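Just below is one structure, and these are the notes that go with it.
Quick caveat, the model's predicted, so the values are computed rather than measured. Order of the sequence lines sets the chain letters (A, B, ...), proteins ahead of strands, with each chain counted from 1.
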Protein chains: 2
Amino acid sequence: MDGSEATHRDNVPVTLHDVAREAQVHVSTVSRALDPSKSSLVSDRTRERVAAAAESLGYRRHLVASGLRRGRTFTVGVVVPDIANPIYAPVVRGIAHTLDDEGYMPVVADTEDDDERFAQVINHLLSRRIDALITTAARERDEPRLRSLWASGTPVILAVRTLSGSGLPSVDSNDEAGAAMAARHLWDRGHRVVAQLRGPHDVEPFSARGRGFVEEAERLGFELRTIDEEAARPTIEDGEHVADRLLTAHPDVTAVFAQNDLLALGLLMSLRRLGRNCPDDLAIVGYNDAMFAAHSDPPLTTVRLPTYEVGRHAGATAVACIDRPHTPPPRRSVTPELIVRASTG
Amino acid sequence: MDGSEATHRDNVPVTLHDVAREAQVHVSTVSRALDPSKSSLVSDRTRERVAAAAESLGYRRHLVASGLRRGRTFTVGVVVPDIANPIYAPVVRGIAHTLDDEGYMPVVADTEDDDERFAQVINHLLSRRIDALITTAARERDEPRLRSLWASGTPVILAVRTLSGSGLPSVDSNDEAGAAMAARHLWDRGHRVVAQLRGPHDVEPFSARGRGFVEEAERLGFELRTIDEEAARPTIEDGEHVADRLLTAHPDVTAVFAQNDLLALGLLMSLRRLGRNCPDDLAIVGYNDAMFAAHSDPPLTTVRLPTYEVGRHAGATAVACIDRPHTPPPRRSVTPELIVRASTG
DNA sequence: CTGAAAGCGCTTACAG
DNA sequence: CTGAAAGCGCTTACAG
């Protein structure tokens, strides 16, 4: 009446009752006919009539109502610390792909690596009655909260950022081994005085990379320089800040292992500001092989973390935990790989 | 019985009835007492008793049930073409921030810039009865589907990728103006023979950037070289491929306007493979000022698209459309800005 | 094979 | 100010 667009909300969505009326059967019959796992209970003729009615009316199942009745929402919360960190995009995509196949939908939330937001986000997701939670945002201090969540009946899956003693299901990569690869590579390139640019120690992957690097460095016979400071968050900005300190404190290091690629980028910024050059004055190895690592100035040698695979496993684990509540928490680990580029000469 | 962890799903969540029993009042009273907008209807004493009971039992409102009754899910679908493209992270974060404030939650889905997945994702979101849809994934061919969605009562907000004639609410940046800035910058740097590295023409921002660049180029008196090919998707890979053609067909161009930063990165790859240098042999301007643009080799001159703001406006628009269904579709546009870096010398 | 009824956990007119 | 009842749109024992 009032033009072809401009207004909306004039349509009432079609329900099971509408379909029942159209097909001249009871709603319960419609419900069964339209549910693949129950449609065998319905006669062929009825099933066809119902299908035709549903089709012609444009019926679309109300997943929220259905979920309320069945006690499932068919959603899985996915909590990431920083949606702008490119490593999480493939993780999320991997999760989405597996969930899709199983009829679940991811609900992605970002904590901005902040404690309060983390709590808030979890609360919100619980109010929405997610069937499981996958998080790549855990820090050590979150362990009690996540364990009690698990204990109270919501499957919790730790991806990337695991919590070693928690007993929760987890999917990660072998970061100690990855960091050891970085150390060996630098040794092979002839470096003897090295340092690490460290991320937050209360985040498992960073502490694991730290341990792995130090152990291998000692085994090989490196001189390892250290500073107390670490990046509070694994971002370019924090990386640049800590790199300033590191380069000032230890001008003799010839190579740095940055515990992730964003920190490595910050280090490159710092280095450039000091008028020094990579790889001639300083070799750099990053971690993750984030999307931009091949395109930075110079391209970054880095340890590839197979993020997409981690996402797929995490999604599959979530579904498994939902379907079989009393199963022991599964753990998976994928293998990292060293990618050599110009930043190590 | 069986250890402290290992199993779960043993807890039944507490409902309004549990709280009612504990507080010795009727459920309807509990419902009112716990709803800020209705709690004034309840006596102070009762309200306090209810609050205490809810607190002690750890009651958490079942947003799904509540939504079913109220006819709202308080969720907004957010559809992006490629979650791995760094420009969408700030858009999504902007949306999340505004929705948060209004009690809504974003449900993010990725179409992988694929038609079929787009349709699938929309279907899924409709089954979940999202209150509104924000999409940054629209191509021209999606217009009918999105218009009919709007007509059938679901607010649809176009962000970044708008559809000019659709009459749908939209939030974008003035891409024609942004591209004109790029042209003027190249002119000022003394370039006279230029070309564009084009993204898909059925995506509004790319066609707008194309128009804006060509118009300004003609006004200024550039010699504008063209090839038929355009990148099917705005990715590094496609950019590299089309750049190969462009550089081969027109070796005389001294500057290229890449219609987004990922395409610019592809161009840099191609250039490097040809043994040519940026900015000495070729100046490059990108678009978006994506996270990595400041860190590429060389750092990229680009037109900044204020993605976070676009996200905020899109979120606010969604809420406005939900609250006031019969309002004319709002349009907003934010202003782009030229960021000069080393890729133009 | 199909129908009638109960109920998932809420909210909200309607009485009192 | 509070309670009792109906109902959001589904699913699923329970009868027949």
Side-chain angles (χ1 to χ4, degrees), chain A residues 11-51 53-54 57-75 103 126-131 153, chain B residues 11-51 53-54 57-75 103 126-131 153:
Chain A
N11 277 18
V12 185
V14 4
T15 72
L16 223 45
H17 280 91
D18 301 324
V19 180
R21 197 175 313 120
E22 176 82 9
Q24 314 246 51
V25 289
H26 194 262
V27 283
S28 59
T29 304
V30 178
S31 175
R32 284 186 285 254
L34 260 26
D35 177 350
S37 81
K38 294 246 163 65
S39 62
S40 60
L41 298 174
V42 174
S43 77
D44 287 2
R45 240 189 103 259
T46 309
R47 192 182 327 115
E48 281 158 25
R49 229 178 40 239
V50 169
L57 295 177
Y59 174 72
R60 171 176 284 130
R61 170 129 144 258
H62 194 313
L63 244 41
V64 175
S66 153
L68 176 62
R69 177 57 229 259
R70 316 214 300 190
R72 294 237 187 129
T73 55
F74 293 91
T75 57
L126 290 177
S127 279
R128 299 207 176 271
R129 296 301 191 272
I130 47 167
D131 295 329
Chain B
N11 278 18
V12 186
V14 4
T15 71
L16 223 45
H17 281 90
D18 301 324
V19 180
R21 196 176 314 118
E22 175 81 9
Q24 314 247 52
V25 289
H26 193 263
V27 282
S28 58
T29 304
V30 178
S31 175
R32 284 186 286 253
L34 260 28
D35 178 349
S37 81
K38 292 244 164 64
S39 62
S40 60
L41 298 174
V42 173
S43 77
D44 287 2
R45 240 188 105 261
T46 309
R47 194 183 323 118
E48 278 158 27
R49 231 178 39 239
V50 169
L57 295 177
Y59 174 72
R60 171 176 285 131
R61 177 137 75 128
H62 194 313
L63 244 39
V64 175
S66 151
L68 176 61
R69 177 56 232 256
R70 314 214 298 192
R72 294 239 187 126
T73 55
F74 292 93
T75 59
L126 290 178
S127 280
R128 300 208 175 270
R129 297 299 193 272
I130 48 166
D131 295 330

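Spacing between atom CG of B:Leu34 and atom C1' of C:dG9 amounts to 13 Å, rounded to whole angstrom units. Here the P atom of nucleotide D:dG9 and the CZ atom of B:Arg128 are 18 Å apart, to the nearest Å.
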A:Val42 vs A:Val50, test: side chain to side chain contact (heavy atoms under 4.5 Å, CB included). Steps then yes/no. CA-CA 10 Å; A:Val42 174; A:Val50 169; 5.9 Å; no
Would you check, one step at a time, whether the test salt bridge (Lys or Arg N to Asp or Glu O under 4.0 Å) holds for B:Asp35 with B:Arg32? CA-CA 5 Å; B:Asp35 178 349; B:Arg32 284 186 286 253; over 6 Å; no
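In plain terms, the two heavy atoms of A:Val14 and A:Tyr59 that are nearest each other are O-CD1, 3.4 Å.
Checking C:dC1, D:dT12, C:dG3 against every side-chain atom of A:Val25, the shortest atom distance belongs to C:dG3. Distance from the side chain of A:Ser43 is smallest to C:dC1 among D:dC10, D:dT2, C:dC1. Out of C:dC10, D:dG3, C:dT2, the shortest distance to the side chain of B:Ala65 is found at C:dC10. The listed nucleotides are C:dG9, C:dC1, D:dA4; the one nearest the side chain of A:Leu68 is C:dG9.
Under 4.0 angstrom from either OP1 or OP2 of D:dT11 there lies at least one side-chain N or O belonging to A:Ser31. For D:dT11, neither phosphate oxygen OP1 nor OP2 lies less than 4.0 angstrom from any side-chain nitrogen or oxygen of A:Lys38. A close approach under 4.0 Å does occur between a side-chain nitrogen or oxygen of A:Arg61 and OP1 or OP2 of D:dT11. Contact between the side-chain N/O atoms of B:Ser66 and the OP1/OP2 oxygens of C:dG9 is not found at any separation under 4.0 Å. Regarding contacts with the backbone of C:dT12, every side-chain N or O of B:Ser28 stays at 4.0 angstrom or more from both OP1 and OP2.
Tested against B:Thr73, the residues B:Leu68, B:Asp131, B:Val64, B:Leu63 include a single side chain to side chain contact (heavy atoms under 4.5 Å, CB included) partner, B:Asp131.
Nucleotide D:dG16: paired with C:dC1 (Watson-Crick or G-U wobble, both distances less than 3.5 Å).
The nearest heavy atom of DNA chain D to B:Arg70 and to B:Thr46 marks one nucleotide each, and the one closer to the 5' end goes with B:Thr46.
No donor-acceptor distance shorter than 3.5 angstrom exists from the side chain of B:His26 to the backbone of B:Thr29, with no hydrogens or angles considered.
For a distance-only test at 3.5 Å, the side chain of A:Arg32 qualifies as a donor-acceptor partner of the base of C:dG3.
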